[in-house]
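Heads up, the thing below is written out as structure tokens.
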Amino acid sequence: QVQLVESGGGFVQPGGSLRLSCAASGFTFSNYAMSWYRQTPGKERELVASITPGGSTNYANSIKGRFTVSRDNAKNTVYLQMNSLKPEDTAVYYCNAKRFFGSTQEYWGQGTQVTVSS
């Protein structure tokens, strides 16, 4: 049974930090690229950051220099360290797994709310 479970979201003031975690199970984690997306009600999900099995990363321009994505294959977990948070970072953050080798296969988590406000 495939599962992606996000945690670590919450309420934070502008300039603050949060670390999101995504615990994966039910598939071979090391064969998947992992990504973080975010979505505000009424808008499409946007890619925030991604990391390949080998550790190559990619970031959206809007968060570049503030967020860091990492993974621990031994723990089947991907992280998103968010620093210098801004109100416009407020969104539901979703974990995504996409098969890196062979045929494409994707899985999604349920999301975790991040609210940045004074």
Side-chain angles (χ1 to χ4, degrees):
Q1 190 175 47
V2 172
Q3 282 189 292
L4 295 174
V5 182
E6 301 97 333
S7 62
F11 188 94
V12 64
Q13 295 184 29
S17 298
L18 285 173
R19 176 182 280 261
L20 306 184
S21 298
C22 174
S25 61
F27 62 96
T28 305
F29 182 78
S30 61
N31 289 342
Y32 284 72
M34 302 299 299
S35 298
W36 290 96
Y37 288 75
R38 67 186 181 186
Q39 186 173 26
T40 300
K43 299 180 180 179
E44 288 188 27
R45 292 186 187 185
E46 64 172 346
L47 177 64
V48 177
S50 62
I51 183 167
T52 69
S56 297
T57 58
N58 187 59
Y59 298 97
N61 288 334
S62 60
I63 58 87
K64 198 169 295 182
R66 300 188 295 121
F67 294 6
T68 302
V69 63
S70 61
R71 67 190 294 158
D72 187 337
N73 288 344
K75 296 180 179 179
N76 288 358
T77 302
V78 63
Y79 305 93
L80 185 67
Q81 178 66 48
M82 305 187 294
N83 299 322
S84 302
L85 283 161
K86 304 175 180 180
E88 49 263 47
D89 295 321
T90 296
V92 177
Y93 284 72
Y94 296 90
C95 181
N96 169 272
K98 185 175 182 179
R99 201 165 188 267
F100 190 77
F101 304 103
S103 300
T104 299
Q105 179 64 269
E106 281 190 297
Y107 306 112
W108 291 91
Q110 294 283 72
T112 185
Q113 177 71 45
V114 172
T115 302
V116 185
S117 181
S118 298

[X] with [Y], same ILVMFWY side-chain cluster at under 4.5 Å:
| X | Y | value |
| --- | --- | --- |
| Leu20 | Leu4 | yes |
| Phe27 | Val78 | yes |
| Tyr79 | Tyr107 | no |

What heavy-atom pair brings [X] and [Y] nearest, and what distance separates the two atoms?
| X | Y | value |
| --- | --- | --- |
| Ser21 | Thr77 | CB-CG2, 4.4 Å |
| Ala91 | Thr40 | CB-OG1, 4.0 Å |
| Ser30 | Phe101 | O-CE1, 4.3 Å |
| Arg66 | Leu85 | NH1-CA, 3.9 Å |
| Asn83 | Ser17 | OD1-OG, 2.9 Å |
| Leu47 | Ala60 | O-CB, 3.4 Å |

ask   = Under 6.0 Å between the ring centres of Phe67 and Tyr59?
value =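 That pair fails the under 6.0 Å test.
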
key: Exam field: side chain Glu6 to backbone Gly111, donor-acceptor pair closer than 3.5 Å   =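 Checking the backbone N and O of Gly111 against the side chain of Glu6, a donor-acceptor pair under 3.5 Å is found.
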
request  = Using atom types as modelled and distance alone, determine if a side-chain donor or acceptor of Asn31 lies under 3.5 Å from a backbone N or O of Thr28.
outcome  =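 Judged by distance alone, no pair lies under 3.5 Å.
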
Is any side-chain heavy atom of [X] less than 4.5 Å from a side-chain heavy atom of [Y]?
| X | Y | answer |
| --- | --- | --- |
| Glu46 | Tyr37 | no |
| Tyr93 | Gln113 | no |
| Cys95 | Trp36 | yes |

key: Arg38 charged N/C atom sitting above Tyr94 aromatic ring, 6.0 Å / 45°   =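 Cation-pi check for Arg38 and Tyr94: fails.
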
inquiry  = Taking the six-membered ring of Phe29 as reference, does the cationic atom of Arg71 (NZ for Lys, CZ for Arg) lie under 6.0 Å from its centre and within 45° of its axis?
reply    = yes

task = Check whether more than 12 heavy atoms from other residues, nucleotides or ligands sit under 6.0 Å from atom CD of Gln39, and answer yes or no.
result =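 Buried by this count: over 12 neighbours within 6.0 Å.
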
ask   = How many angstroms lie between atom OG of Ser50 and atom CE of Met34, to the nearest 0.5 angstrom?
value =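 So the gap between those two atoms works out to 11.0 Å.
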
